[in-house]
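These values consider heavy atoms only, across backbone and side chains, with no hydrogens, waters or symmetry-generated copies. Convention: sequence-line order gives letters A, B, ...; per-chain numbering from 1.
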Protein chains: 2
Amino acid sequence: MPTTALEQPARVDEQLCFALYSASKTLTAAYRQALGELGLTYPQYLTMLALWETDGRTVAELGRAIDLDSGTLSPLLRRLETSGLIRRERSVLDERVVRVLLTAQGRALESPAAAARARVEAATCLSQEEFTQLRSLLHRLRTNVAAAQTRLW
Amino acid sequence: MPTTALEQPARVDEQLCFALYSASKTLTAAYRQALGELGLTYPQYLTMLALWETDGRTVAELGRAIDLDSGTLSPLLRRLETSGLIRRERSVLDERVVRVLLTAQGRALESPAAAARARVEAATCLSQEEFTQLRSLLHRLRTNVAAAQTRLW
DNA sequence: TACTATTAGATTGCACACAATCAAATGGAT
DNA sequence: ATCCATTTGATTGTGTGCAATCTAATAGTA
């Protein structure tokens, strides 16, 4: 059945997955440069975004918000804690739960981070409509593929 | 100046960068599952795609095709060589150049890989127009941001 | 009370990703 | 012939990503 697809070998340039993969890496690289002075990596920036939006989330809530599991979050949060941007507090009611809280230093980073974000968004050179359209298509793709994944079990 | 952006904290869900980041991870996860039986990771699949398209590329040519530097490619190619899918051959004319060549086993993987790709693309549930539109927007974003990056130096 | 299943988070191991650095080889200049 | 900048690929170190596993703690059941 896939023989029709094989008569012409699939070009890397034409793959949606590669367009997505390389665009994501390029945007992340732009953020790396923009966030460099703040001492934040891109996933660390996402984590801080989630905390600026709602402080005091648990590790699991954070993971759901930015789609990362504890294997990635644990060392990432440890580094943010070492940097003095957050602190971790074990819940008294349920000692399995760890709440992540911003320090004053972490809150102080919101404004320069917003400036960095503005610079990167400007570099995309997309109109407001294109921006919204792209975000919407990406969201649909993610939802559809994720649904198809879970449907297998 | 960024104070206007700060009156309302930026929501993670609304960030284009996060939509891109999480969509890319989701699609990669779908490929991981689809490629699992073939023993290929997603970056390894991209490498094989580039070789199925044009066999015998040098490491640098491969890196340009799939946007990876030698620090990533070197160990990845070593693993593909260990798996028996490729072999590396140092050029006689210029001994700095290493040419990457498919083995028969590597070529045999093209057809099942195309089937895996078809399954993942079906899972996106995007129409042909949406597919093309999304790819085009991603390509423009990548080009624009990459140009802005290099313009700084 | 004991037994069991579930949950939360941490840890481990493997595979990218990339900056920085290195060694070998080449090409061009004197 | 010798020096020197450049090129090619490999290596090292840090930081994700994620599957698998582990421990501790909680909740439900008999």
Peer 1: Distance check needed: C/dA8 P versus A/E89 CD, whole Å only.
Peer 2: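 It works out to 18 Å between those atoms.
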Peer 1: What is the distance, rounded to the nearest whole Å, between atom CZ of A/R57 and atom C1' of C/dA8?
Peer 2: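 Interatomic distance, CZ of A/R57 to C1' of C/dA8: 17 Å.
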Peer 1: May I have all residue pairs that pass side chain to side chain donor-acceptor pair (under 3.5 Å) and include part of residues 65-75 of chain A, sequence neighbours excluded?
Peer 2: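 Found A/D69-A/T72.
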Peer 1: Taking any heavy-atom pair under 4.0 Å as a contact, classify B/I66: base, sugar-phosphate, or nothing.
Peer 2: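 No contact.
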Peer 1: If the condition is side-chain hydrogen bond (donor to acceptor under 3.5 Å, both in side chains), which residues does A/Q133 pass it with, not counting sequence neighbours?
Peer 2: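 Per chain and number, A/Q133 pairs via side-chain hydrogen bond (donor to acceptor under 3.5 Å, both in side chains) with no residue.
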Peer 1: Take atom CZ of A/R99 and atom P of C/dA10, then tell me their distance rounded to the nearest Å.
Peer 2: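 So the CZ-P distance, A/R99 to C/dA10, works out to 14 Å.
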Peer 1: Between the side chain of B/E89 and the main-chain N/O of B/L101, is any donor-acceptor distance below 3.5 Å?
Peer 2: no
Peer 1: Which is true for B/T58 with a 4.0 Å heavy-atom rule: it touches a base, it touches only sugar-phosphate, or it touches nothing?
Peer 2: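 B/T58: backbone/sugar contact only, no base atoms under 4.0 Å.
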Peer 1: For DNA chain C, what residues of residues 39-50 of chain A have any heavy atom nearer than 4.0 Å?
Peer 2: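 Listed by number, there are none.
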Peer 1: At the 4.0 Å heavy-atom cut-off to chain A, mark where contacts on DNA chain D begin and end, going 5' to 3'.
Peer 2: D/dG15 to D/dT26
Peer 1: Report yes or no: do A/R135 and B/Q15 form a side-chain donor-acceptor pair below 3.5 Å?
Peer 2: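 The criterion, which ignores hydrogens and geometry beyond distance, is not satisfied for B/Q15 and A/R135.
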Peer 1: Between B/T124 (side chain) and B/E121 (backbone), is there a donor-acceptor pair under 3.5 Å?
Peer 2: yes
Peer 1: Which residues, if any, of residues 76-88 of chain A bring a heavy atom under 4.0 Å of DNA chain D?
Peer 2: A/L76, A/R79
Peer 1: For B/A123, is there any backbone N or O sitting under 3.5 Å from a side-chain donor or acceptor partner on A/N144?
Peer 2: no
Peer 1: Show each protein N/O and nucleotides 18-20 of chain C N/O combination with a separation under 3.5 Å, one pair to a line.
Peer 2:
residue : atom : partner : partner atom : Å
C/dC18  : OP2  : A/K25   : NZ           : 3.3
C/dC18  : N4   : B/G71   : O            : 3.4

